[in-house]
Amino acid sequence: MPEQNCPACGFAVFNRRYAKCEKCGISLPETIVMSRQELRDIRERERQEEEAAAELKRKQARRSANQSGDDYDYDFDVGNLTGADDGSA
């Protein structure tokens, strides 16, 4: 998309989501600013991406919890590792 500028001050419009020029504050023409439908579409896409990322994070957490619980059994008694019978180690 070609660079679009504020008709009043010539400042480059970097974010078409804002209805006003970020430099001089005038309302930008509808031809520059995103339509309400475009904004709704973007918000919906962002919401879907956030949900997908959260689901991926939950799956990774479950996978990690399952792997750490299934691979090893640390519930054992090591007894007296020093070889001393009197309990002094």
Side-chain angles (χ1 to χ4, degrees):
M1 170 172 263
E3 183 177 301
Q4 297 183 345
N5 296 22
C6 171
C9 71
F11 187 74
V13 176
F14 296 106
N15 190 344
R16 294 179 48 233
R17 292 183 188 194
Y18 295 120
K20 295 189 176 198
C21 174
E22 295 180 63
K23 183 175 181 184
C24 71
I26 71 153
S27 294
L28 295 170
E30 290 181 17
T31 57
I32 294 177
V33 179
M34 287 185 174
S35 70
R36 289 179 186 216
Q37 185 60 48
E38 287 175 303
L39 291 171
R40 277 192 291 267
D41 292 347
I42 288 172
R43 287 186 196 114
E44 177 62 20
R45 190 170 43 247
E46 288 172 344
R47 184 190 63 76
Q48 290 172 352
E49 289 172 357
E50 288 172 3
E51 286 179 4
E55 179 62 24
L56 179 61
K57 190 174 182 179
R58 285 190 294 270
K59 284 181 181 179
Q60 289 172 336
R62 283 193 299 266
R63 188 178 310 124
S64 177
N66 287 340
Q67 287 176 350
S68 65
D70 293 342
D71 292 345
Y72 302 100
D73 183 8
Y74 293 106
D75 188 24
F76 58 90
D77 184 9
V78 293
N80 185 349
L81 297 178
T82 63
D85 291 332
D86 63 356
S88 63

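- Partners of Glu22 under the salt bridge (charged side-chain N to carboxylate O under 4.0 Å, His left out) rule, at least two apart in sequence or in another chain, do not exist in this structure.
- Closest of all the heavy-atom pairs between Lys20 and Gly25 is CD-O, 3.5 Å.
- Within a 6.0 Å radius of CD in Glu30, other residues, nucleotides and ligands contribute 12 heavy atoms or fewer.
- Remark: Asp41 engages Gln37 in a side chain to side chain contact (heavy atoms under 4.5 Å, CB included) (not counting sequence neighbours).
- Contacts of Glu51 classified as salt bridge (charged side-chain N to carboxylate O under 4.0 Å, His left out), with partners at least two apart in sequence or in another chain: Arg47.
- When the side chain to side chain contact (heavy atoms under 4.5 Å, CB included) test is applied to Gln60, the partners found at least two apart in sequence or on another chain are Leu56, Arg63.
- A distance of 15.5 Å separates NZ in Lys59 from OG in Ser64, rounded to the nearest 0.5 Å.
- When the side chain to side chain contact (heavy atoms under 4.5 Å, CB included) test is applied to Arg36, the partners found at least two apart in sequence or on another chain are Arg40.
- For Glu46, the side chain to side chain contact (heavy atoms under 4.5 Å, CB included) partners two or more places apart in sequence, or in a different chain, are Arg17, Ile42.
- A salt bridge does not link Glu50 to Lys57: none of the charged nitrogens lies less than 4.0 Å from a carboxylate oxygen.
- Shown here are the salt bridge (charged side-chain N to carboxylate O under 4.0 Å, His left out) partners of Arg45, two or more places apart in sequence or in another chain: there are none.
- Tyr18 belongs to no hydrophobic cluster, as no Ile, Leu, Val, Met, Phe, Trp or Tyr side chain comes under 4.5 Å of its own.
- Taking Ile, Leu, Val, Met, Phe, Trp and Tyr as members and joining any whose side-chain heavy atoms lie under 4.5 Å apart, directly or through other members, the hydrophobic cluster of Val13 also contains Leu28, Ile32, Val33.
- Note that CG of Asn15 is 7.0 Å distant from CE of Met34, once rounded to the nearest 0.5 Å.
- Closest of all the heavy-atom pairs between Ile26 and Pro7 is CD1-CG, 4.5 Å.
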